> 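Before we start, here is the structure in question, set down as structure tokens.
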Amino acid sequence: MPELPEVETIARGLDKRVRGDVIESVWIGKRHQPLKSPAREIARTLEGGRIAAVRRVGKHIVFDLEQGAAKHQWIVHLGMTGRMQVALPEDEILKHTHAIAKLESGREVRFVDPRMFGKLSVVRDKHGFEAQGREPLDIGFELFAELFHKRKTPIKSALLNQKLLSGIGNIYADESLFRAGVRPRRRAASLTREELKKLYAAIPEVLNEAIAAGGSSVSDYVDAEGDEGFFQLQHRVYGREGEPCLVCKTPVKRLVIGGRSSHYCPRCQK
DNA sequence: AGGTTGACCTGGACGC
DNA sequence: TGCGTCCAGGTCAACC
């Protein structure tokens with residue numbers, strides 16, 4: 001489900017609603033293996049923690065927790081289908097609910113994830129969680145260009161590589177490449193400086209427009225308030241195979257690159 | 001070492 | 001109605 005704009009939307013919603021609240025107790029379902037930290041350590045780290053802030057790092061949601069002088073972090077990765085809900089105890093517990101944090105205010109933060117690709121983990125004794133790659137909204141052009149300089153992999157795959165840039169996924173890779181006029185199969189190293197500049201400009205443009213729209217709801221994505229995003233209405237190529245390009249009317253093509261479907265306009269993108 | 005592929009899961013859409 | 005197939009917003013480990 002979630003790429004940078006969706007995770008940003010969810011993290012903002014959570015921050016608005018639960019910042020300052022205290023986690024009283026934690027339940028973690030037995031079925032849920034996707035724990036990067038042992039369930040007991042997660043529970044021990046969360047319980048008693050005051051939520052100082054909720055924010056996004058790459059595609060991760062980070063809860064900054066304070067227990068007295070101690071600082072911990074709860075890290076949530078939503079995988080493909082993960083959801084975070086703020087619910088009341090009497091609200092129906094959805095199928096595939098894998099973790100529930102009960103708050104002092106009486107509300108609950110619930111983690112729901114049908115496909116179980118999501119991951120929960122904690123960082124203890126510091127606020128030290130960092131993404132592996134650079135933030136695409138906060139990188140200079142020279143560094144950006146350097147990332148792709150010697151890469152033989154298709155630019156589409158390079159954009160999805162979280163060790164290079166963190167936060168871009170399949171939708172926003174395709175949308176960024178369309179706006180930059182670059183075909184997804186082009187080798188990253190083959191992009192000219194001009195093309196790199198277009199891509200460098202296109203990425204934050206797309207991401208920021210998507211954040212403003214509350215993310216893309218392609219199938220079942222909803223934010224922490226249960227609201228859908230609507231950036232899918234502004235997709236120019238993603239999910240539009242066979243439909244006319246919004247610029248030149250040429251049918252949008254779809255091909256598979258690195259196992260991911262990729263959409264592009266064969267006329268607008270070189 | 002960098003690049004590519006398949007595996008991990010559930011569920012919805014579609015064709016017969 | 002039911003079955004089979006394909007597809008999905010993401011990562012990883014295992015190969016070359």
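Quantities reported herein were computed from a predicted structural model and do not represent experimental measurements. In what follows, chains are A, B, ... by sequence order, proteins preceding strands, each numbered from 1. Quick note: numbers below take in every heavy atom, side chains included, and nothing from hydrogens, waters or symmetry partners.
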> Scan A:Lys163 against the nucleic acid and name what it touches under 4.0 Å (heavy atoms): base, sugar-phosphate only, or nothing.
nothing
> Calculate the interatomic distance between A:His60 atom NE2 and C:dT11 atom P; express it in whole Å.
7 Å
> If you look at every strand shown and take non-hydrogen atoms under 4.0 Å, does A:Tyr172 touch a base, only sugar-phosphate, or nothing?
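No contact at all - A:Tyr172 keeps every heavy atom at 4.0 Å or more from the nucleic acid.
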> What's touching nucleotides 3-5 of chain B from the protein side, N or O pairs under 3.5 Å?
residue	atom	partner	partner atom	Å
B:dG3	OP1	A:Lys152	N	2.7
B:dG3	OP1	A:Thr153	N	3.4
B:dG3	OP2	A:Arg151	NH1	2.9
B:dT4	OP1	A:Arg187	NH1	3.4
B:dT4	OP2	A:Thr153	OG1	2.8

> Set out, in order, the CA-CA distance, both residues' side-chain angles and the distance that settles side-chain hydrogen bond (donor to acceptor under 3.5 Å, both in side chains) for A:Lys102 and A:Ser25, then state yes or no.
CA-CA 5 Å; A:Lys102 295 182 87 69; A:Ser25 62; 6.0 Å; no
> Using a strict threshold of under 4.0 Å (side-chain N to carboxylate O), is an ion pair present between A:Glu135 and A:Arg56?
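Yes, A:Arg56 and A:Glu135 are salt-bridged.
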> Can you tell me if A:Thr81 touches the phosphate of B:dG11, counting only side-chain N or O atoms and a distance under 4.0 Å to OP1 or OP2?
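So the side-chain polar atoms of A:Thr81 never come under 4.0 Å of the phosphate oxygens OP1 or OP2 of B:dG11.
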> Just the rounded figure in Å: distance from C1' of C:dA8 to CZ of A:Arg83.
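Going from A:Arg83 (CZ) to C:dA8 (C1'), I get 16 Å.
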> Do the charged groups of A:Arg179 and A:Glu205 touch, with an N to O distance under 4.0 Å?
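Salt bridge between A:Arg179 and A:Glu205, a charged N being under 4.0 Å from a carboxylate O: yes.
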> Under 4.0 Å from OP1 or OP2 of C:dG10: is there any side-chain N or O of A:Gln162 that close?
no
> Would you say A:Lys119 places a side-chain N or O within less than 4.0 Å of OP1 or OP2 belonging to C:dT11?
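Checking A:Lys119 against C:dT11: no side-chain N or O falls below 4.0 Å of OP1 or OP2.
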> Does the side-chain ring of A:Phe117 lie flat on the base of B:dC8, meaning centres under 5.5 Å and planes less than 30 degrees apart?
yes
> Using side-chain heavy atoms (C-beta onward) and a distance below 4.5 Å, is A:Phe178 in contact with A:Cys245?
yes
> Looking only at side-chain N and O atoms, does A:Lys59 come under 4.0 Å of OP1 or OP2 in C:dT11?
yes
> For the CZ atom on A:Arg50, are there more than 12 heavy atoms of other groups (residues, nucleotides or ligands in this structure) within a distance under 6.0 Å?
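Yes, enclosed.
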> I want to check one thing: is the phosphate of B:dG11, taken as OP1 and OP2, less than 4.0 Å away from some side-chain N or O of A:His96?
yes
> Which residue, A:Arg187, A:Arg186, A:Arg183, forms the salt bridge (Lys or Arg N to Asp or Glu O under 4.0 Å) with A:Glu195?
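Among the candidates, only A:Arg186 passes.
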> Tell me whether the OP1 or OP2 atom of C:dG10 has a side-chain N or O from A:Arg260 closer than 4.0 Å.
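Indeed, a polar side-chain atom of A:Arg260 lies that close.
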> Does B:dC9 have a Watson-Crick or wobble partner in any strand here, with both distances under 3.5 angstrom, and which is it?
none
> C:dG4 pairs with which nucleotide, Watson-Crick or G-U wobble, both distances below 3.5 Å?
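Across any shown strand, C:dG4 pairs with B:dC14.
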> Considering only atom P, compute the distance from B:dC9 to C:dA14 and round it to an integer number of Å.
15 Å
> Given the rule in the side chain to side chain contact (heavy atoms under 4.5 Å, CB included) test, do A:Ser217 and A:Phe230 qualify, once you have shown the distances and angles that lead to the verdict?
CA-CA 6 Å; A:Ser217 290; A:Phe230 46 91; over 6 Å; no
> Measure the distance from CD on A:Glu241 to C1' on C:dC6 and round it to the nearest whole Å.
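Taking atom C1' of C:dC6 as the reference, CD of A:Glu241 is at 13 Å.
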> Which nucleotide sits closest to the side chain of A:Asn170: B:dC9, C:dG10, C:dT11?
C:dG10
> Nearest of B:dG11, C:dT11, C:dA8 to any side-chain atom of A:His77?
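Nearest to the side chain of A:His77 among the choices is C:dT11.
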